[in-house]
Amino acid sequence: MKYYFNEIEAKWQKYWNDNQTFKADNYSKKEKYYVLDMFPYPSGAGLHVGHPLGYIASDIYARYKRHKGFNVLHPQGYDSFGLPAEQYAIQTGQHPAKTTQENIKTYRRQLDQIGFSFDWSREVRTSDPSYYKWTQWIFIQLYESYYCLDSDQARSIEELKSVFETEGNIRINAACGDTLEDFSEEQWKLFNEEKKEEILSNYRLTYLSETEVNWCPALGTVLANDEIVNGLSERGGFPVVRKKMKQWSMRITAYAQRLLDGLNEIDWPQPLKDSQTNWIGRSVGAMVSFDIDGHNENIEVFTTRPDTIFGVSFMTLAPEHELVSKITGRDQKEAVEGYVLSTSKRSERDRMADVKSISGVFTGAYAIHPFSGTKIPIWIGDYVLASYGTGAVMAVPCGDQRDFDFAKYFKLEIPNIFENVDISEMACEDKNVKIANSDFINGLNAKEAIRKVIAALEERKIGQGKINYRLRDAVFSRQRYWGEPFPVYYVNGLPKMIDTEYLPITLPEVQKYLPTEDGKPPLGNATVWAWCTKTNQIVSNDLINGTTIFPLELNTMPGWAGSSWYFNRYMDATNSETFCGKEAMNYWRDVDLYIGGSEHATGHLLYSRFWQKFLYDRGHVPVQEYAKKLINQGMILGTSAFVYRKEGENVFISKGLIGDFKVQPLHVDVSLVNASNELDLEGFKNHVLNKDIDQPEFILESGKYIVGREVEKMSKSKYNVVNPDDICHNYGADTLRLYEMFLGPLEQAKPWNTAGISGVHGFLKRLWKLFHSDNEAFLVSEDKANADELKILHKTIKKVDEDIANFSFNTSVSSFMIAVNELTALKCNKRDILQPLVVLIAPYAPHIAEELWEKLGNKGSISTVEYPVFEPKFLIESTKTYPISFNGKMRFTKELSLDLDKVAIEKAVLEDERTQQQLNGRSPKKVIVIPGKIVNIVG
RNA sequence: GCGGGCGUGGUGAAAUUGGUAGACACGCUAGACUUAGGAUCUAGUGCCUCACGGUGUGAAGGUUCGAGUCCUUUCGCCCGCACCA
């Protein structure tokens, strides 16, 4: 019988589905193991071959763990809120829910055909009200919490209120936004509702505030820095401006230190930990307050080098700094306002990326040096960012290169405060030089001086030591339709949470998915979007009366809201009483293995750790870190193909003939090119893409048009996407699974290339053949296996076990090939060997394994059959083929008994005539013998 | 600029603690077979050389009996962060 992979795969996929083979039980006596993939965003383009790479690896691991006797949770779902579906809705008028559902259907079909062992009964979709009900619930929990710095945890805001009522805020030590003035319990009681709420929102873990944002008028939305490329929106390429806006923020900064500390507890790749560490950006230094000459204001700065304070010769404020308008002199007003305006047009990333051009304006105001009392000019400059530190810098040109460049450019004073250091050409950032010209810290090194300056600042109450983090609070509002609605309504402009028992607050229907004409978010188009506090229902906007019926929040939550806790939902995905039942949560606890791309390092993987720590603090989850181990799979790159169009003409020149012609390279669909880079000319002419090209002419080499190749990210716009469907159809899912693993190390980025696929497909056919006679009937011998056969089996078991432990799936595929090649050579078709071999291969190629398992006469699925156990006794050797090397170069091999000791080996080797031949009469100076390894003769 | 990673045949890549470099595949060459099959099988294949032999893991040094692996310098590529005070 031939290997009809399509039939076999369809049969077993149906079997798994019918029998719910991979449904995980929440209450098992088996040890649990939770294998998680980063869930996909269901885009309209469908799955491409890059998606399954991580999924195949995690599936192999999950299946392996089932064979090893674990109760495995291996779920999958969809991160189904997001901008592409909304953009599509804007263009076509189709409801995003509809297109999302269609896309999910395609994804599901594609995932199913690869044979993943997902427990689909736990599927989650972030856009489903039954899911986002709990996203809204978590948001409310955050709103109702503050961060207590004494106990270092989130606590109920009610506790804080009762403290305010009994003793004011004097003794409160909590994470807080603005520096608040002290108030007593009496004062608190006298504050009106509005004032109280304003104070509380400084403590809440999610709060409304005016934030400077990247506003994209064309998309009508705020963009994250990482969504902006070269000052334009990543999607669409529209201009972006800086704008102030009232937005929800998440007080992730309260967790900065714990997010750093937690990294020590988890087995995540070091580069990923490094990027989270950099993102959080802890720096130790001091806050210093500078008085402003002639104003009743002061400038707070954070510095990591308080020891250089006597080197301050000017100050620089971010152009957006709130003091700028207050302190600017009459003569400077025009210049300053012009500069502020021109800065507002530049994106933050743009400003940061531009290192070469130096710009700034003098404000006309002077600060007073806190120790020397000298007057220091205050400048504004766009190299200072409002969002980092206090948005102000004490400039020390002799000790900081950027300050130095600024001072040189504007011909400002550069006082030298370092002993025996030449600063005429560049600043000195070395912390080991001694300080000079600095009053009470002369002669000290940086470390000593820092301590002394901080002490002096604290004594005079003009500053204190401080740990500063680069991490900022995360903006949580999006001006989009296709996201979670906030469970929030407004009473006189003050936010109120909807009682959790009335969740979910479902997305309203709208006529248009664009922002409204007057610049409100898309939900501003909804006509039934008001909250009735009497009936606790969403009602028509017409009924808003300001007494019982109020407007609802128009923003929606960002993409990362739903993905920040989904791993908990899988544990108890259908629970309608709570976001995850306690019993299920205490059984599954955390993810044992998480596989996904490193591009989420400072987004999803940081926010989700933050939410998990918060949920832990409030007693909702049992662990602080939700993923014990994480593996980043490398990106699969596409190999783009290019044709070369002669500039201004419809002439395409084959790659080898371009020579000196001016050509324009154009992407061409990779499906039109064969393995030898030859273009299908007829296909090219008929391809939709090229319909607009009239009568193309081709200049051929040897009768062929040869395309250029380049490795790029796999993307629809580069026409280099390869769809797994074709491979599943032509070679089968088992071949696809093996091939993706065989491509190379999991964590390494690699270009997709189908050239080698026949190799693994051939392997599966040879495996099949081992079980079949020449006339293709199933034929397995019941004879006892011999030593050679057992050795092949056990060496493979050993290798595969080690490989899986190291996530080295590429080399285990090789081991399978070697085993099958060797068994084929021995014509071995013995059950003793083949039955364990099938189990060994089952996690990698589950369909063929199930089929052969059944043909071997077994009942039921192979998926929980015990994995073969390695027995060292089958690998014991009595001899070793020693490499005999001379001066480190291997010349010949000699088989010797492993019982021989060093002396005996040396004797045997020296007696060998080939040794004498190599030595050619010389006597060896030294003979190195490592029993069991090598012999090296020196001389 | 800072941080991280990577350089091995025509190609994808192997190579626990330093111990036979190139496993396993693709491709290529030659051949066999045929019931033309998504064929299969056999042999060969790092480079130079008819061969003996030489040479070879980006380059140059070093440590060592022995280096792809350790150390120093250097070149190139990729990724992340970036005027972070």
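Labels below follow one simple rule: chain letters A, B, ... track the order of the sequence lines, proteins then strands, and each chain is numbered from 1.
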B:rA60 to B:rC52 separation - C1' atoms, rounded to the nearest Å: 31 Å
What's the separation between atom CD1 in A:I280 and atom CG in A:L263, rounded to the nearest 0.5 Å? 6.0 Å
Could you check whether A:K798 gets within reach of a base, just the sugar-phosphate, or nothing at all, counting any heavy atom under 4.0 Å? base
In whole Å, what is the span from the CD1 atom of A:I930 to the C1' atom of B:rG66? 9 Å
Between B:rG19 (P) and A:M890 (CE): distance, integer Å: 15 Å
In the structure shown, which nucleotide is the Watson-Crick or G-U wobble counterpart of B:rA43, with both distances under 3.5 Å? B:rU29
Provide, to the nearest angstrom, the distance between the NZ atom belonging to A:K902 and the C1' atom belonging to B:rG19. 13 Å
Return the nucleotide paired to B:rG7: Watson-Crick means purine N1 to pyrimidine N3 with N6-O4 or O6-N4, wobble means G-U with N1-O2 and O6-N3, both under 3.5 Å. B:rC75
For A:N730, report the nucleic acid contact type (base, sugar-phosphate, nothing); a contact means any heavy atom under 4.0 Å. base
Categorize A:I818 for me: base, sugar-phosphate, or nothing, with a 4.0 angstrom heavy-atom threshold over every strand shown. sugar-phosphate
Distance in angstrom units between A:F742 CZ and B:rA14 P, rounded: 10 Å
Is there a Watson-Crick or G-U wobble partner for B:rU35 with both distances under 3.5 Å, and if so, which one is it? none
Whom does B:rG80 pair with, Watson-Crick or G-U wobble, provided both distances fall under 3.5 Å? B:rC2
What I want to check is whether an N or O donor and acceptor connect the side chain of A:N936 with the base of B:rC65 at under 3.5 Å. yes
Which value, in whole Å, describes the distance between the P atoms of nucleotides B:rC28 and B:rU11? 15 Å
Are there more than 12 heavy atoms of other residues, nucleotides or ligands under 6.0 Å from atom NZ of A:K273? yes
Within this structure, what is the CD1-to-P distance between A:I934 and B:rU20, rounded to whole angstrom? 6 Å
Checking contacts here: which listed nucleotide (B:rA85, B:rA23, B:rA82) is nearest the side-chain heavy atoms of A:W279? B:rA82
Distance, rounded to the nearest Å, where A:F816 contributes CZ and B:rA23 contributes C1': 16 Å
Is the A:F310-A:H369 ring centre distance short of 6.0 angstrom? yes
In terms of the angle between their ring planes, are A:H600 and A:H604 parallel, tilted or perpendicular, with boundaries placed at 30° and 60°? perpendicular
With respect to the side chain of A:K2, which nucleotide from B:rA85, B:rA14, B:rG38 is positioned closest? B:rG38
Is it the case that the side chains of A:S359 and A:Y339 hold a donor-acceptor pair, with the cut-off being a distance below 3.5 Å and no angle test? yes
Could you measure between the two P atoms, the one in B:rG1 and the one in B:rG66, and give it in whole Å? 38 Å
Please evaluate the base of B:rU17 for a donor-acceptor partner in the side chain of A:K933 within a cut-off of under 3.5 Å? yes
From the list B:rC24, B:rU16, B:rG80, which nucleotide is the closest neighbour of the side chain of A:S275? B:rG80
Nearest-nucleotide pick for A:T893, side chain only, options being B:rU20, B:rA14, B:rC24: B:rU20
When we call it a touch if two heavy atoms are under 4.0 Å apart, what does A:Q270 touch: a base, just sugar-phosphate, or nothing? nothing
If we take the C1' atom in both B:rA23 and B:rU45, what is their distance in whole Å? 15 Å
Is there a Watson-Crick or G-U wobble partner for B:rA14 with both distances under 3.5 Å, and which nucleotide is it? none
Quick one: sort the A:W752 and A:Y739 rings into parallel, tilted or perpendicular, breaks at 30° and 60°. perpendicular
Whole angstroms only, please: what is the CG-P distance between A:N278 and B:rG4? 9 Å
Can a side chain N or O of A:R891 be found less than 4.0 Å away from OP1 or OP2 on B:rG54? yes
Please confirm whether the ring centroid of A:W768 lies under 6.0 Å from the ring centroid of A:Y4. no
Base, sugar-phosphate, or nothing for A:K769, non-hydrogen atoms under 4.0 angstrom? sugar-phosphate
Give me the distance, rounded to whole Å, that separates B:rG19 from B:rC26 when you measure between the P atoms they each carry. 29 Å
Would you kindly compare A:K926 and A:V813 by the position of their nearest RNA chain B nucleotide and give the one closer to the 5′ end? A:V813
When the distance from CZ of A:R470 to C1' of B:rG3 is rounded to whole Å, what number comes out? 12 Å
Among B:rG19, B:rU40, B:rA25, which nucleotide sits nearest the side chain of A:I928? B:rG19
If pairing means Watson-Crick or G-U wobble with both distances under 3.5 Å, then the partner of B:rC70 is B:rG62
Under 4.0 Å between any heavy atoms, over every strand shown, what does A:D403 touch: base, sugar-phosphate, or nothing? Just pick one. nothing
Does the plane of the ring in A:F406 sit parallel, tilted or perpendicular to the ring in A:F314? Use 30° and 60° as the thresholds. parallel
For B:rC65 and A:N887 - does any side-chain N or O of the residue sit under 4.0 Å from the phosphate oxygens OP1/OP2? no
Hey, is B:rG4 sitting syn or anti, using the within-90° cutoff around 0? anti
Expressed as a whole number of Å, how far does the C1' atom of B:rG46 sit from that of B:rG22? 7 Å
At under 4.0 Å between heavy atoms, what does A:F763 touch on the DNA or RNA strands: base, sugar-phosphate, or nothing? nothing
So A:N821, base contact, sugar-phosphate only, or nothing? Heavy-atom distance under 4.0 Å. sugar-phosphate
If you assign A:V935 and A:K889 each to the RNA chain B nucleotide with the nearest heavy atom, which residue ends up on the more 5' nucleotide? A:V935
Say you pick atom C1' in B:rU8 and the same atom in B:rG56; how far apart are they, in whole Å? 10 Å
Residue-phosphate contact under 4.0 Å: A:Q748 side-chain N/O, B:rC79 OP1/OP2: no
For A:E300, is there an ion pair with A:K466 - N to carboxylate O distance below 4.0 angstrom? no
Rounded to whole angstrom, note down the C1' distance from B:rC65 over to B:rA43. 38 Å
Does A:R402 put a side-chain nitrogen or oxygen below 4.0 Å from OP1 or OP2 of B:rC84? yes
